[in-house]
Amino acid sequence: MQEIRNYTINFGPQHPAAHGVLRLVLEMDGEVVQRADPHVGLLHRGTEKLAESKPFNQSIGYMDRLDYVSMMCNEHAYVRAIEQLLGVEAPARAQVIRTMFDEITRILNHLMWIGSNALDLGAMTLFLYAFREREELMDCYEAVSGARLHATYYRPGGVYRDLPERMPQYKESRWHKGGNLKRMNSWREGSMLDFLDAFADDFPARVDEYETLLTDNRIWKQRTVGIGVVSPEQALAWGMSGPMLRGSGIEWDLRRKQPYAAYNQFEFSIPIGRNGDCYDRYLVRMEEMRQSNRIVKQCVAWLRANPGDVMLRNFKVSPPSREEMKDDMEALIHHFKLFTEGYSVPAGEVYSAVEAPKGEFGCYLVSDGANKPFRVKLRAPGFAHLSAMDEIARGHMLPDVVALIGTFDVVFSEIDR
Amino acid sequence: MITEFVNQIHGAYFGFLGEWPTLAMLGWNLLKILVLTVPLILSVAMFTYWERKVIGWMQVRLGPVYIGKGLLQPFADVFKLLFKEIIIPAEANPWLFRLAPILALAPAFAAWAVIPFDWQTRIANLNAGLLYLLAMTSLGVYGIILAGWASNSKYAFLGAMRSAAQVVSYEISMGLCLVGVLIAAGSLNLTEIVAAQQGNLGMFEWFMWPLLPLFVIYFISGVAETNRAPFDVAEGESEIVAGFHVEYAGAAFSLFFLAEYANMILISFLAALLFMGGWLSPFQGLGIPLLSADGWWWLFAKAFFFAFLFLWFRATFPRYRYDQIMRLGWKVFIPLCIFWVFVTGVMAYAGTFVAGA
């Protein structure tokens with residue numbers, strides 16, 4: 001009798017659906033996966049170790065680079081940890097701005113997710129539709145912080161600066177001119193809040209557009225319904241969080257369970273799935289986009305009505321303005337101290353988590369009272385999700401593995417850190 | 001006019017080479033083949049341009065706009081591919097690796113020999129035209145299997161396996177659809193199949209009405225047969241990277257590309273010929289001036305429509321999973337085909353298909 005052996009296939013690290021640098025060693029029986037062995041670490045940059053060697057504020061930028069599609073949420077966890085150790089709290093307006101940008105980030109992340117997941121399953125048009133909307137929100141990032149991705153906008157004690165009064169406009173080019181240019185700039189006549197208002201009014205129709213392409217599409221359903229089912233018990237046991245957990249029917253959302261920033265001021269609902277398959281997680285994320293949009297709209301209204309400080313005026317933590325610095329010796333000293341030595345954080349340890357778009361993003365911070373963290377440990381949601389890969393993928397086919405990677409919404413920067 | 005012109009050239013040519021009749025015949029046939037294949041290759045090039053443009057518009061993009069306002073982009077691509085090195089992997093079987101693209105391309109072009117563009121215009125007027133077409137379209141899969149096998153790569157091998165299974169099973173439903181046409185037209189000759197769709201009721205004389213299920217299945221099978229979205233599992237770039245041609249580069253890759261697009265155009269032409277009356281006007285027999293006149297432009301317009309459908313599908317649908325494609329082919333299409341072939345037989349018995357009835 002002939003001996004029949006399974007064969008292994010190296011899925012990644014250079015693979016169109018590996019979402020970066022996942023190396024998945026698949027043991028296959030024909031097209032059926034017998035064992036999936038994710039290898040991580042190819043994108044390890046030692047963020048946690050790096051953070052130990054520099055003042056607290058200088059690591060905020062590293063947080064952006066962890067999960068590079070939900071930048072500000074990562075900053076939020078880190079900044080909150082520092083604030084908790086320092087015992088300071090950002091002003092109310094800063095809290096609402098953070099809430100708003102967390103939700104913008106959630107929309108950004110989910111747009112990226114729906115685009116790439118659909119592309120993985122072969123529906124490529126959605127990818128470009130999603131990027132059309134992402135572009136608008138990226139412009140908000142840019143308007144507020146100067147960077148489209150790695151914002152470094154949240155600071156201990158508030159946010160870097162208040163929202164801009166003018167939204168940047170498109171300039172005339174070979175492709176954008178005349179009526180076309182006017183239409184593109186029609187939202188950008190006023191302030192950033194006007195722009196976000198216009199965006200939030202329009203966005204549900206865009207989500208409807210995505211749903212027209214996918215939700216009732218037979219092929220989409222065949223590819224996602226019943227694929228990668230995670231039971232609620234398993235989801236808890238594997239330490240899943242975010243849409244992975246809610247897709248399995250467990251109503252757990254840090255925004256509601258342990259409210260932070262200004263989440264308890266605003267109304268939103270938490271969608272949950274029933275079957276815990278890829279399709280339910282897709283529906284959950286689609287609805288989360290709508291809910292995020294709802295929060296953004298409420299935040300815009302609040303921010304319009306309540307001007308105020310966006311940064312704590314505690315110069316031991318947050319720098320004085322440039323103007324003051326040029327004028328006042330005291331301010332100059334504060335500025336110099338903050339940008340060389342930084343501030344010292346009282347000894348202690350704290351865990352602070354936020355509901356990042358992918359799940360619970362936590363920052364465990366230990367301080368020994370110096371101007372640098374003694375230890376930073378970051379809890380990336382994707383790591384827990386990816387570790388369930390073997391169990392979930394077993395018995396599925398190769399194209400389902402692609403669907404699974406998509407539905408885990410993995411980003412290797414945060415998993416490898 | 002054109003016929004006269006061609007006749008003149010024909011006369012002059014045979015007058016010149018009259019002493020070597022065999023050689024003259026050979027040369028004349030070569031000329032005919034060139035007259036078909038050169039525009040075909042050009043239309044493949046422009047089809048890729050059109051594809052990128054259409055999908056661009058559908059995806060709120062511009063598509064190619066730079067080289068010659070975008071129109072010369074396909075030629076730029078061709079030259080880029082031609083100048084690239086053909087890399088043969090160390091572990092590959094070099095001869096099969098080289099043979100595979102040729103095997104994929106040759107049948108895709110050979111099939112065009114029996115496609116009539118008009119009452120007279122075609123290379124060969126085979127009586128078994130439909131059978132020849134079936135043979136040629138099935139042969140293309142050997143190129144794909146060989147490419148996957150010779151590459152000695154797991155991804156390519158998976159692609160080849162998928163492609164083989166898929167093409168073989170869709171060949172059956174496609175063949176059954178053709179059986180329906182065969183019953184309706186009573187002939188395997190493509191010109192006669194078109195002739196059988198003549199009548200006085202305009203487009204309602206076409207086979208697409210009595211054979212509607214077969215028509216739909218034929219076109220979907222055609223999409224599957226050419227490995228296009230949503231049935232592009234053989235390439236499936238997000239699953240098995242590029243499937244069977246993952247190891248190919250440069251000119252060898254471009255041959256696969258050419259074959260795929262030539263096949264797409266072929267399927268579009270066939271759908272137009274078999275089910276939509278070919279070059280017959282949609283207003284035939286209604287006596288409307290100009291519009292009722294038959295001519296190649298109708299055939300091209302219809303084929304263009306089907307070719308557009310290929311692109312539209314690609315922009316819209318997610319990709320099927322391999323086993324789901326099989327299920328669709330074997331459990332849905334083939335039974336439906338068999339049933340409708342039976343119905344067609346009953347219709348033929350009842351006299352539905354008498355020309356002009």
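Chain naming here is simple, since letters A, B, ... match the order of the sequence lines and numbering starts at 1 in each.
- With a threshold of 4.5 angstrom between heavy atoms, B:Leu328 does not approach chain A through any atom at all.
- By the neighbour-count criterion of 12 heavy atoms within 6.0 Å, atom CZ of B:Phe339 is sparsely surrounded, having that number or fewer from other residues, nucleotides or ligands.
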So which N and O atoms of chain A and chain B form donor-acceptor pairs under 3.5 Å?
| unit_1 | atom_1 | unit_2 | atom_2 | d |
| --- | --- | --- | --- | --- |
| A:Thr8 | O | B:Lys154 | NZ | 2.6 |
| A:Asn10 | O | B:Tyr155 | OH | 2.7 |
| A:His15 | NE2 | B:Glu239 | O | 2.8 |
| A:Glu31 | OE1 | B:Arg162 | NH2 | 2.9 |
| A:Glu31 | OE2 | B:Arg162 | NE | 2.5 |
| A:Glu31 | OE2 | B:Arg162 | NH2 | 3.4 |
| A:Asp120 | O | B:Ser238 | OG | 2.5 |
| A:Leu121 | O | B:Arg319 | N | 2.5 |
| A:Thr125 | OG1 | B:Gln59 | NE2 | 3.3 |
| A:Thr125 | OG1 | B:Ala315 | O | 2.1 |
| A:Tyr129 | OH | B:Met58 | O | 2.9 |
| A:Trp175 | NE1 | B:Tyr66 | OH | 3.4 |
| A:Gln222 | O | B:Gln324 | NE2 | 2.8 |
| A:Arg223 | NH1 | B:Arg319 | O | 2.9 |
| A:Asp400 | OD1 | B:Arg321 | NH1 | 3.0 |
| A:Asp400 | OD2 | B:Arg321 | NH1 | 3.0 |

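- With sequence neighbours excluded, no residue forms a salt bridge (Lys or Arg N to Asp or Glu O under 4.0 Å) with A:Glu414.
- If you measure heavy-atom distances from A:Leu119 to chain B, the contacts under 4.5 Å come from the backbone alone.
- Within the 4.5 angstrom heavy-atom criterion, only side-chain atoms of A:Met397, from C-beta onward, approach chain B.
- Considering CG of A:Leu214 and CZ of B:Phe317, their distance stands at 11.5 Å, rounded to 0.5 Å.
- Of the two parts of A:Ile405, neither the backbone nor the side chain holds a non-hydrogen atom closer than 4.5 Å to a non-hydrogen atom of chain B.
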